[in-house]
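Let me begin by presenting the structure, written as structure tokens, before commenting on it.
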Amino acid sequence: MTFVVTENCIKCKYTDCVEVCPVDCFHEGPNFLVIDPDECIDCTLCEPECPAEAIFSEEELPDGQQHFKQLNAELTKAWPVITEKKPQPADAKDWDGKPDKLKLLEK
């Protein structure tokens, strides 16, 4: 099993989760983070650290978010690993909880 970063991370991109990951499975894109399903060890440490509540186990993905499992797997191949917490975007709180952000994902 793996954990999956879902839509609410888009344009929020808090990196609190990255700091607690023992296996460095997070990858960073321009405005979104993803989890490498081949590296994730299901330790559950990242989920409670996400201020945007955008991380779920693959078995508990919310309705309409199942496609993010495949998206995480695809984007880990293109984006670099991130291992240290970075400042959040200045407008992260404005984007937290906004619906329909997939169209804003920068690849």
Side-chain angles (χ1 to χ4, degrees):
M1 187 174 76
T2 186
F3 278 77
V4 178
V5 182
T6 59
E7 185 172 35
N8 202 42
C9 181
I10 298 171
K11 295 195 69 79
C12 290
K13 199 173 99 170
Y14 295 103
T15 56
D16 304 60
C17 52
V18 170
E19 211 167 45
V20 298
C21 181
V23 294
D24 302 336
C25 68
F26 282 89
H27 291 248
E28 179 184 26
N31 67 350
F32 187 54
L33 298 175
V34 293
I35 294 174
D36 184 338
D38 294 329
E39 294 295 324
C40 181
I41 60 170
D42 189 29
C43 70
T44 73
L45 294 174
C46 61
E47 185 180 23
E49 294 300 317
C50 180
E53 299 180 357
I55 301 174
F56 295 88
S57 72
E58 66 181 321
E59 295 173 344
E60 297 176 350
L61 285 167
D63 289 341
Q65 301 288 300
Q66 290 81 8
H67 59 286
F68 277 90
K69 181 179 175 187
Q70 181 62 33
L71 188 60
N72 275 237
E74 290 172 13
L75 293 176
T76 60
K77 295 178 175 103
W79 291 349
V81 171
I82 177 174
T83 59
E84 295 181 6
K85 183 177 176 178
K86 295 181 178 181
Q88 68 202 35
D91 60 351
K93 289 184 181 180
D94 297 334
W95 286 103
D96 189 358
K98 299 276 186 195
D100 303 319
K101 295 194 289 184
L102 184 57
K103 61 184 176 266
L104 303 173
L105 177 62
E106 297 174 31
K107 295 181 183 180

inquiry  = Count I, L, V, M, F, W, Y as connected when their side-chain heavy atoms are under 4.5 Å apart, and connections chain through other members. Are Tyr14 and Val20 then in the same cluster?
reply    = no
Straight-line distance of [X] [atom1] to [Y] [atom2], nearest 0.5 Å:
X     : Y      : atom1 : atom2 : value
Glu7  : Lys103 : CD    : NZ    : 8.0 Å
Ile82 : Cys21  : CD1   : SG    : 11.0 Å
Asp96 : Cys50  : CG    : SG    : 8.0 Å
Leu45 : Cys17  : CG    : SG    : 11.5 Å
Met1  : Glu59  : CE    : CD    : 5.0 Å
Asn72 : His67  : CG    : NE2   : 10.5 Å

Do you know the tightest heavy-atom contact between [X] and [Y]?
X     : Y     : answer
Asp16 : Glu49 : CB-O, 3.3 Å
Gln65 : Thr6  : OE1-CB, 3.1 Å
Cys12 : Pro89 : O-CD, 2.9 Å
Ala54 : Cys9  : CB-N, 3.5 Å
Thr83 : Val18 : C-CG1, 3.3 Å

ask   = Given Asp36 and His27, is the side-chain contact (heavy atoms from CB on, under 4.5 Å) satisfied, shown in steps?
value = CA-CA 7 Å; Asp36 184 338; His27 291 248; 3.9 Å; yes
Given side chains that start at C-beta, do those of [X] and [Y] come closer than 4.5 Å, heavy atoms only?
X      : Y      : result
Phe3   : Cys43  : no
Asn8   : Lys101 : yes
Leu104 : Trp95  : yes

message = Would you say NZ of Lys69 has more than 12 non-hydrogen atoms from neighbouring residues, nucleotides or ligands within 6.0 angstrom?
response = no
task = Using a cut-off of 6.0 Å, state whether more than 12 heavy atoms not belonging to Glu84 lie near its atom CD.
result = no
task = Among Phe32, Phe56, Phe68, find the residue that satisfies the side-chain contact (heavy atoms from CB on, under 4.5 Å) test when tested with Val5.
result = Phe32
remark   = The side-chain contact (heavy atoms from CB on, under 4.5 Å) partner of Ile35 among Thr2, Leu75, Thr76, Val4 is Thr2
ask   = When you look at Ser57 and Glu47, which way does the side-chain contact (heavy atoms from CB on, under 4.5 Å) test go after all the steps?
value = CA-CA 8 Å; Ser57 72; Glu47 185 180 23; 5.8 Å; no
key: Val34 and Phe26: CA distance, side-chain angles, deciding distance, side-chain contact (heavy atoms from CB on, under 4.5 Å) verdict   = CA-CA 6 Å; Val34 293; Phe26 282 89; over 6 Å; no
request  = Evaluate side-chain contact (heavy atoms from CB on, under 4.5 Å) for Glu28 paired with Lys13, printing each intermediate quantity in order.
outcome  = CA-CA 9 Å; Glu28 179 184 26; Lys13 199 173 99 170; 2.8 Å; yes
